[in-house]
Amino acid sequence: YFEPIIFILNSFVDIIFYCCFFISVLFAENPEDKILSANFSMPFFNHGTTIYKQTGNADLEQKYIDAINMTPSGGELYVAFYELNLKKIAEAMVAAKKRGAKVQFITDDQYVAFPETGEAIDPATKEAKAVFEYLKSNDIKYTIRMPSGIMHLKTIAVTDSKGKGVIAVTGSTNATKSCIHGDNGEKNPETGVIVKGSKGNANNVIYIKNEKIILSFMKHLKMLATNR
């Protein structure tokens, strides 16, 4: 006799819960914060707007930094970038290490292992080498993937001291000035021609808060770190 009534009451409670959740997201000042706290993924774009104003026209460099800053003491931070020439991202990695986290950097050999021939080298490549040397000087562990295959990831994975997933980040965005912010009319070192300035390529960064996906990314990055 009471089972139908209990079923109806439980269904009513569920409806009220989900209505309250979506209303809170809709009217939140920063709705993506509400979604992230509920273990949803959230994409950010550097060009244009989306249904959430905070996710469009985003500073993707800062999104990388914010994710790295989520690394807790005793946690693990694995960062894989095809190219990294933005020092603020490197500084965030060093700060995570100083907080007591294990930090591992994985990159491709194209931008950090070029021969010192004295030939004209793209300024962005020089910046990438300088950032790499900065990480090395601060005892950040690193793996350089050799030419058996290009290491083309743009991925971050963070876990806490108990191995629980904190956040994973992926997307299309190389961690470079040109890719995120544009070239600002820099001179081509080979031709001497001023390159027309740009606002950076259209890219995205995706925050992931799902536990299984975070741990899947972390497992993959740990495999890459062994250079297998």
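Small disclaimer: the values here were computed from a predicted structure and weren't measured.
Here the closest non-hydrogen pair linking Gly163 and Leu215 is O-CD2, 3.4 Å. Closest of all the heavy-atom pairs between Asp108 and Ile150 is OD1-CA, 3.4 Å. Shown here for Ala101 and Pro72, the closest heavy-atom pair between the two residues is CB-O, 3.7 Å. Minimum interatomic distance between Ala58 and Lys63 (heavy atoms only, all atoms of both residues): CB-CE, 4.3 Å. The shortest non-hydrogen separation linking Leu221 to Ala80 is CD2-CB, 3.7 Å.
At least one side-chain heavy atom of Ile156 sits less than 4.5 Å from a side-chain heavy atom of Phe81. Counting only heavy atoms from C-beta outward, the side chains of Thr170 and Phe217 approach each other to under 4.5 Å. Residues Lys154 and Asn174 are in side-chain contact: their nearest non-hydrogen atoms beyond the backbone lie under 4.5 Å apart. At a threshold of 4.5 Å between non-hydrogen side-chain atoms, the residues Leu60 and Asn203 count as touching. Side chains of Ile144 and Ile106 form no contact here, defined as non-hydrogen atoms less than 4.5 Å apart. At a threshold of 4.5 Å between non-hydrogen side-chain atoms, the residues Ile206 and Met42 do not count as touching. Counting heavy atoms from C-beta outward, Val205 and Val169 have side chains that approach closer than 4.5 Å. A heavy-atom distance below 4.5 Å is found between the side chains of Ile180 and Thr173.
For the side chain to side chain donor-acceptor pair (under 3.5 Å) test, no residue two or more places apart in sequence or in another chain qualifies with Lys219. Not counting sequence neighbours, the partners of Lys136 by the salt bridge (Lys or Arg N to Asp or Glu O under 4.0 Å) test are Glu133. In this view, Asn69 satisfies the side chain to side chain donor-acceptor pair (under 3.5 Å) rule with no residue, not counting sequence neighbours.
Ile65 and Ile140 fall within a single hydrophobic cluster, where Ile, Leu, Val, Met, Phe, Trp and Tyr are joined by side-chain heavy atoms under 4.5 Å apart, directly or via other members. Cluster annotation: Met70 is connected to Tyr64 through the hydrophobic network of ILVMFWY side chains, with a link wherever side-chain heavy atoms come within less than 4.5 Å.
For an aromatic pair to be called close, the ring centres must be under 6.0 Å apart, and Phe132 with Tyr142 satisfies this.
Counting only residues at least two apart or in different chains, ring-ring contact (aromatic ring centres under 6.0 Å, His included) contacts with residues 150-169 comprise Tyr82-His152. Sorted by first and then second residue, the pairs that involve residues 68-78 and meet salt bridge (Lys or Arg N to Asp or Glu O under 4.0 Å), not counting sequence neighbours, are Glu76-Lys102, Glu76-Lys222.
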Tell me which donor-acceptor pairs under 3.5 Å the side chains of residues 89-100 have, and how far apart each pair is, sequence neighbours excluded?
unit_1	atom_1	unit_2	atom_2	d
Arg99	NE	Thr71	O	3.1
Arg99	NH2	Thr71	O	2.9

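Thr143 and Gln104 share a donor-acceptor pair across their side chains, judged by distance under 3.5 Å alone.
In this structure, Ser178 OG and Glu83 CD are separated by 8.5 Å, a value rounded to the nearest 0.5 Å.
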For Leu153 and His220, what are the C-alpha separation, side-chain angles and deciding distance, and is it a side-chain contact (heavy atoms from CB on, under 4.5 Å)? CA-CA 11 Å; Leu153 294 178; His220 183 67; 4.0 Å; yes
As a quick check of understanding, evaluate side-chain contact (heavy atoms from CB on, under 4.5 Å) for Val103 and Lys141, giving each step before the final call. CA-CA 7 Å; Val103 180; Lys141 294 182 179 179; over 6 Å; no
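For the pair Lys87 and Tyr134, the distance from NZ or CZ to the six-membered ring centre is under 6.0 Å and the angle to the ring normal is within 45 degrees.
Looking only at distances, a side-chain donor or acceptor of Lys209 sits under 3.5 Å from a matching main-chain atom of Val166.
Each of Ile68, Val79, Ile167 was compared with Val158 under the side chain to side chain contact (heavy atoms under 4.5 Å, CB included) criterion, and only Ile167 meets it.
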